[in-house]
Amino acid sequence: MLGLMQDWPLTVDRIIERAARFAEDSEVVSRRCDGTLARTTYAALHDRARQVSAALRAMGIGNGDRVATLSMNSAEHLEAWYGTMGIGAVLHTLNPRLHPDQIAWIANHASDRVLILDAPFVPIVQQVHDRMPVEHYIVISDDGIVPDNSFGAIAYEDWIAGRGTDAAWGGFDENTACGLCYTSGTTGNPKGVLYSHRSNVLHAMMAVTKDALGVGYQDTVMPVVPMFHANAWALAFAAPMMGARMVLPGFGLDGASLYALFDGERVTISAAVPTLWLGLMDYLKAGNLKLPHLQFVAIGGAALPERVLRAFETEYDVRIGHAWGMTEMSPIGTVCRVPRELADGPFDDQLPHKLRQGVPPFSVEIRTVDDKGDEQVWGEGKSGHLQVRGVAVSKGYFGGEGGDILDSEGWFDTGDLAEIDKHGSVKLTDRAKDVIKSGGEWISSIDLENALLSHPDVANAAAIAMPDPKWGERPMMIVQAEPGASPDADGLRAFLDGRIAKWWMPDEFVFVDAIPLGATGKVNKRALRELYVTQAPASN
Ligand code: AMP
């Protein structure tokens, strides 16, 4: 027997519609490129999102078409986001920190038809537009002026000006795709994670709960984590869902700019990777400043350093939610939890629990398996391959890349190694996947190695992650020279310059006679890590 309840499609356009009705005057504050603040409300943002929809429709964009953004967090980005999703098109967030060649590759893979970009990113597109499939370029700028370009970009404000605010939204299945975000994944090319309306709505409902990010109407939420990182960790949906005020920091991610917003806008909830908080902490310390309004900060994307946790909780009285997740999980997987009996106890007793990645909220299932694939029992202290299932977990990549990514029981292997305690709390122990995460952003070790392998003096190369106090991890390159050749670090650096994004440059080059190979002839990274890394990258 089926229940007799209404069929109410879970589509994200309803999130901003609700915000415009029930939190119509909640502010959305954005930092503009010139440093000044722009203020709008959900009601106005909703109307402008409908204008975006009208402008897209006028270009012939409709269901399933990809509309890309190359944009930092701002009200315009949010409008473009809802305006695209509302008509059943797919909002594809491109990561401006990637090398322009990678951006072009991804735009082609996604078949992006429209690209909405911030003015400071025009030079990136200028380098690669002749290799992009994009038909229309729209530029968001403070003054409405489009910087010189040869790809026919038009100004965002001109694009939406005079359009009606009544474009039709919704009317499609809740499983319709609405967002696309590429991750560098473990092997091969970047892979597209394709979110659906339903998965994003359910994920946002999970994210706002008390034990996850705990967002309510009275909050002022500042996602420092970019919208191009898995929906700003749900906050681009979760904050409007609750009608919370939003503060969007744009390009101002330095300590001084962030502090000005935390303080001036009375931010209560925020989220970002650990590296970013280190910058803010230095600024606070230098000026002997406090954070009286901030109540909760979600920190994830990389292991939380103890000194960040300690400083926030004991010096600034801000509660930290150490979280783990991944793009493929929309992204929230787990959030740390302190056992009830320690809730009122001293910080030092809570510390080990806060440093764990924590327990999954409802709608995420977890388990670990050993190398043979056998499920492990919780609480035995054994580390295994962390696998997940859930309502907002990927079941495949865009375009079928990577093939079948679930096992026969529907589990997705995260590529992380973890130990789960008897209460179901996860602690990451290492990473099986071969990537380096620096400042919360991926460096593909394969791309780095390939770039170096095209040097005539290099016979073999292996990039591994070195723990770094500021960036979490930095790449170290192990190099085996061609017989008779003797490359040096300066020469290799000069060779890589321009071939890779600047921040991918290995911090160190180590020259060895022979790189150790595993049984299948592949480089044995585990052996290299044991030799050169004194501390496991994912540990605290
Ligand atoms: P992304 O898809 O860019 O969000 O990256 C996801 C990956 O980042 C995970 O699979 C982990 O390897 C790593 N990661 C995320 N959160 C944490 C955390 N709290 N501690 C350690 N590593 C993390």
Side-chain angles (χ1 to χ4, degrees), residues 93-95 97-98 106 179-187 190-195 203 207 212-213 223 225-235 271-277 297-306 308-309 320-337 353-360 364 366 368 383 385-388 390 392-394 397-398 402 405 412-420 425-445 465 467-468 471-473 535-540:
T93 46
L94 283 161
N95 182 344
R97 292 178 187 147
L98 295 176
I106 292 172
L180 180 62
C181 183
Y182 278 70
T183 172
S184 67
T186 52
T187 51
K191 295 186 179 58
V193 174
L194 191 61
Y195 305 109
H203 182 263
L213 308 183
V225 53
M227 286 159 71
F228 55 79
H229 273 183
N231 310 315
W233 298 352
L235 290 172
V273 295
T275 305
L276 222 126
W277 298 116
V297 161
I299 301 187
L304 167 64
E306 183 180 325
V308 175
L309 172 63
I320 297 296
H322 180 203
W324 164 84
M326 48 194 312
T327 307
E328 289 90 335
M329 301 181 73
S330 301
I332 299 173
T334 60
V335 185
C336 71
R337 186 175 77 184
H353 302 279
K354 299 214 166 208
L355 287 174
R356 295 183 78 89
Q357 278 73 13
V359 297
V364 179
I366 51 165
T368 56
S383 175
H385 301 267
L386 180 58
Q387 301 187 331
V388 292
V393 178
S394 301
Y397 291 109
F398 181 67
I405 60 170
F412 170 73
D413 195 298
T414 63
D416 288 318
L417 301 175
E419 164 261 310
I420 304 180
S425 171
V426 167
K427 178 167 178 51
L428 292 206
T429 51
D430 201 351
R431 196 182 285 148
K433 54 194 171 193
D434 190 11
V435 276
I436 300 159
K437 211 168 194 199
S438 185
E441 301 266 4
W442 289 121
I443 294 175
S444 159
S445 36
D468 181 272
W471 300 105
E473 295 174 6
Q535 185 197 332
S539 77
N540 297 299

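In listed order, ligands and their atoms are each counted from 1.
- To the nearest 0.5 Å, atom OG1 of residue T334 and atom NE2 of residue H322 are 7.5 Å apart.
- Close approach to A303 involves these atoms of ligand 1, each under 4.0 Å from a residue heavy atom: 18 (C), 20 (N), 21 (C), 22 (N).
- Formation of a donor-acceptor pair under 3.5 Å by the T429 side chain with backbone atoms of E419 is not found in this model.
- Ligand-side atoms of ligand 1 in range of Q357: 18 (C), 19 (N), 20 (N), 21 (C), range being under 4.0 angstrom from any heavy atom.
- Relative to atom 10 (O) of ligand 1, the option among N95, T414, T183, D416 with the closest non-hydrogen atom is D416.
- Under 4.0 Å from ligand 1, heavy atoms of M326 appear from its side chain as well as its backbone.
- Scanning all heavy atoms of the two residues, the minimum distance from A418 to V426 falls at CB-CG1, 3.9 Å.
- Between the side chain of K433 and the backbone N or O of T414 there is at least one donor-acceptor pair closer than 3.5 Å.
- To the nearest 0.5 Å, atom CZ of residue R337 and atom OG of residue S425 are 7.5 Å apart.
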Residues N95, E441; criterion side chain to side chain donor-acceptor pair (under 3.5 Å); working and verdict: CA-CA 10 Å; N95 182 344; E441 301 266 4; 2.8 Å; yes

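- In the candidate list G301, G415, G325, G325 is nearest to atom 6 (C) of ligand 1, counting heavy atoms.
- When each atom of ligand 1 is checked for a heavy atom of H322 under 4.0 Å away, the hits are 18 (C), 19 (N), 20 (N).
- Summarising the contacts of atom 17 (C) of ligand 1 with A302, G358, G333, the nearest heavy atom is found in A302.
- Here the side chain of T368 pairs no donor or acceptor atom with the backbone of L386 at under 3.5 angstrom.
- Of the inter-residue distances, the one linking D430 atom CG with H385 atom NE2 reads 10.5 Å to the nearest 0.5 angstrom.
- Ligand 1 has at least one atom lying under 4.0 Å from a heavy atom of A323.
- With a 4.0 Å cut-off on non-hydrogen atoms, H229 does not touch ligand 1 at all.
- Put simply, part of K433 is less than 4.0 Å from ligand 1, judged by heavy atoms.
- Atoms SG and CD, on C181 and E328 in that order, are 9.0 Å from each other to the nearest 0.5 Å.
- Atoms of ligand 1 found under 4.0 Å from any heavy atom of T327 (numbered from 1 in listed order, with element): 1 (P), 2 (O), 3 (O), 4 (O).
- For ligand 1, the atoms lying closer than 4.0 Å to a non-hydrogen atom of L428 are 21 (C), 22 (N).
- The K437 neighbourhood of ligand 1 comprises atoms 1 (P), 3 (O), 4 (O), 5 (O), 6 (C), 7 (C), 8 (O), with distances under 4.0 Å to a heavy atom of that residue.
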